[in-house]
There are 2 protein chains.
Amino acid sequence: MSPVLYRCAVCGRTYPLQERIFRCGCGGFLELQPVSLFDKSKLKLRGRSIWRYREAFGLPDDLVQISMEEGCTPIAEKRFDGFSLQLKMDFMQPSGSFKDRGASVLVSFVSRMGIRDICEDSSGNAGAAVSAYAAAAGLKCTVFVPSYTPESKITQIRMYGAEVVRVPGTRQDANDAAISKSTSSFYASHLWHPFFVMGLQSAAFEIWEDLGETLPAAVIVPVGSGGFLEGMYLGFDSLVRFGYAKKLPKIIGVQASACAPVHIAFVNSRNECADVHTGVTVAEGIAVPRPPRARAVLTALRKSGGYTVAVEDSEILDAARSLSGAGVYVEPTSASTLAAWRKIRSEDRENALLVLTGSGLKATDTYSTFLQGGDAHRSRV
Amino acid sequence: MSPVLYRCAVCGRTYPLQERIFRCGCGGFLELQPVSLFDKSKLKLRGRSIWRYREAFGLPDDLVQISMEEGCTPIAEKRFDGFSLQLKMDFMQPSGSFKDRGASVLVSFVSRMGIRDICEDSSGNAGAAVSAYAAAAGLKCTVFVPSYTPESKITQIRMYGAEVVRVPGTRQDANDAAISKSTSSFYASHLWHPFFVMGLQSAAFEIWEDLGETLPAAVIVPVGSGGFLEGMYLGFDSLVRFGYAKKLPKIIGVQASACAPVHIAFVNSRNECADVHTGVTVAEGIAVPRPPRARAVLTALRKSGGYTVAVEDSEILDAARSLSGAGVYVEPTSASTLAAWRKIRSEDRENALLVLTGSGLKATDTYSTFLQGGDAHRSRV
């Protein structure tokens with residue numbers, strides 16, 4: 001098989017993996033090509049982490065895995081509003097969110113490249129995940145966070161030994177700060193880097209394996225940068241292309257109404273996100289005003305036959321209450337999937353699979369305010 | 001096989017499971033007898049949760065499982081101080097701690113009994129776990145917590161819909177409050193109830209399965225009530241008695257020096273805990289001044305050839321920093337295992353298995369103070 005290359009999704013230029021880049025010289029985002037798939041007959045002999053699917057990540061063969069046994073999270077079945085739903089409990093991860101999938105693969109790759117100093121920007125979950133794997137790999141790590149990031153996430157990042165830089169302003173300002181830093185430190189970006197997305201595919205493979213080598217009809221996933229949606233689409237698509245599954249699930253992406261660039265682009269049949277007004281939301285994990293890989297996310301939505309839903313903070317908090325009232329404690333970003341499910345087309349409701357991306361333990365501040373009868377939305381402004 | 005009975009560990013009196021009791025009339029704690037083991041040939045066809053070992057729990061056959069796919073947590077290998085250690089990542093659970101194992105089994109049993117209203121006392125993790133499973137089962141739940149319980153744990157319990165009652169004073173005062181309430185509500189006690197302990201056995205079975213049907217030489221586990229130590233011992237002991245494994249691991253129990261009744265009893269060759277002076281510790285999860293099942297815990301320690309270690313808060317916080325510096329973010333109670341490992345007999349060091357019981361996300365307050373250079377120990381007084 002030919003070696004895996006970076007390929008710019010905008011201008012088509014290719015680069016060998018030896019290049020220390022996170023995006024193309026033209027400013028476009030990178031994809032990896034050609035990427036293979038695992039041989040399913042080998043799975044039964046492999047350990048239970050994302051690395052059981054390693055051939056699908058496009059990594060060099062001689063790579064050392066930086067792993068904390070992430071992934072292989074269970075699917076729980078629960079009833080809501082009279083329907084049976086499947087909950088992918090993807091917060092049951094070492095750092096408490098799905099981002100460990102991407103961080104494990106990206107940090108493994110970065111270490112293999114001989115890079116010893118990385119930076120990242122995050123509203124919290126990706127920063128925690130990248131810091132955790134940087135710690136496991138012995139890399140220096142700096143994380144730029146927007147000033148509204150909850151204390152629980154900042155404490156976690158600092159405990160991993162990473163330096164946290166609070167950036168006044170929006171999520172976008174934290175992003176700009178990380179890119180400025182990236183001349184002296186490699187920008188190990190969950191927003192930009194295709195190896196992060198490659199790791200996120202693993203959730204799609206697990207769903208397929210856990211459902212007896214079939215795929216669900218509809219999957220509902222929170223969309224911030226859209227990396228998880230893109231990664232799951234790539235995983236599902238590979239399974240179909242290689243003959244391991246018959247039909248793609250309809251992928252339904254959820255955004256908070258306060259920051260919904262992908263939703264706005266989708267409903268307006270655009271291929272790129274325009275600059276949108278962004279407000280404050282309890283679901284800070286999906287508040288990404290300018291997702292760099294938006295074109296891939298919009299393509300994935302359309303090719304899967306899916307669509308987007310925007311939800312209000314009040315709907316998200318109601319959904320968080322419904323989930324925890326059923327025993328499942330997740331952060332508002334994850335609860336957005338149940339809020340969205342309550343608004344999707346009726347034919348997609350039964351047996352939909354909701355991807356629960358982050359632990360409720362990451363949202364103590366928000367939920368504490370909410371329980372005290374305060375306005376958890378306003379307290380973030 | 002004869003039906004499973006409650007049997008008082010102190011006076012020997014037996015009760016059928018239909019009795020709504022959490023302890024014997026004599027005040028002694030209850031054990032279950034006779035309890036069977038799973039047939040290992042059936043495991044490969046079963047789902048990945050604690051319920052794959054269901055025959056070992058001693059439950060009625062017609063029980064409905066209240067499950068959120070708890071258990072089957074991975075073992076990560078990491079190096080510390082030049083040694084290779086095995087970390088049982090038991091915080092990767094629905095509610096963020098190992099207590100989900102016991103809560104799932106106990107709440108399933110309580111629901112089967114037709115009980116609809118339960119109470120519990122906890123410094124946080126057991127309260128969260130029992131609340132979560134009560135929510136999943138649709139039971140009313142009240143949790144008595146000591147006043148020093150961290151906000152993150154209280155918010156979690158309240159989000160599950162349980163009523164939280166803060167009890168001024170010590171952990172023991174919260175315990176007394178729950179027992180007082182137990183005339184009107186069933187006391188679904190992780191401290192007392194043998195079905196909680198039965199569920200905790202599952203961690204031992206998983207370790208055995210994940211290590212290729214062998215057992216490690218030494219297992220280090222935090223001891224508060226000692227239920228986890230007792231449960232793991234029962235699991236390991238069954239595996240040996242039924243011929244599934246050769247030799248018990250040495251079980252090493254860890255307590256915080258500030259509250260070490262089991263340690264004091266063990267080193268003084270006692271079979272019961274005396275009243276001990278109790279101070280404040282960052283490891284609030286193991287601060288249980290009068291563990292009701294202490295006799296069983298002390299027996300388990302001795303029969304396994306193990307011993308106890310007491311650790312200072314400064315050692316616990318150092319260990320927490322070492323673990324998170326390697327990418328593993330756990331609460332101080334869990335970090336106590338690494339602190340203890342640094343003090344155990346040299347022959348037990350290599351390949352010891354450390355049981356990491358709770359997520360670091362449950363300890364934001366403590367770690368935030370610690371990182372700010374404050375005295376995380378003193379801030380709890």
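In what follows, chains are A, B, ... by sequence order, proteins preceding strands, each numbered from 1. A quick note: this is a predicted structure, and the numbers were derived from the prediction, not measured.
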With chain B as the partner, which of [options] has the greatest number of non-hydrogen pairs under 4.5 Å?
{"options": "A:A136, A:G47, A:A137, A:S131", "answer": "A:A136"}
{"options": "A:A128, A:A76, A:S67, A:S152", "answer": "A:S152"}
{"options": "A:G138, A:G325, A:G360", "answer": "A:G325"}

Where is the tightest heavy-atom contact between [X] and [Y], given as atom of each residue plus distance?
{"X": "A:M92", "Y": "B:P94", "answer": "CE-CD, 3.6 Å"}
{"X": "A:S324", "Y": "B:A135", "answer": "O-CB, 3.8 Å"}
{"X": "B:S95", "Y": "A:L361", "answer": "O-CD1, 4.2 Å"}
{"X": "A:T155", "Y": "B:L371", "answer": "O-CD1, 3.7 Å"}

Criterion side-chain contact (heavy atoms from CB on, under 4.5 Å) on A:F370 and B:M159, from CA distance to verdict: CA-CA 9 Å; A:F370 172 62; B:M159 280 298 288; 4.0 Å; yes
Show your reasoning for whether side-chain contact (heavy atoms from CB on, under 4.5 Å) applies to B:R48 and A:R48. CA-CA 11 Å; B:R48 291 190 56 82; A:R48 291 190 57 82; 2.6 Å; yes
Quick one: what part of [X] sits under 4.5 Å from any heavy atom of chain A, side chain, backbone, both or neither?
{"X": "B:I75", "value": "backbone"}
{"X": "B:M68", "value": "both"}
{"X": "B:S368", "value": "both"}

Where on [X] is there a heavy atom nearer than 4.5 Å to chain B: the side chain, the backbone, both, or neither?
{"X": "A:K153", "answer": "neither"}
{"X": "A:T73", "answer": "neither"}
{"X": "A:S49", "answer": "neither"}
{"X": "A:Y329", "answer": "both"}
{"X": "A:Q93", "answer": "backbone"}

Rounded to the nearest 0.5 Å, what separates atom NZ in A:K44 from atom NZ in B:K44? 12.5 Å
Using a cut-off of under 4.5 Å for heavy-atom pairs, which of B:M89, B:R158, B:E70, B:K362 has the most such pairs with chain A? B:R158
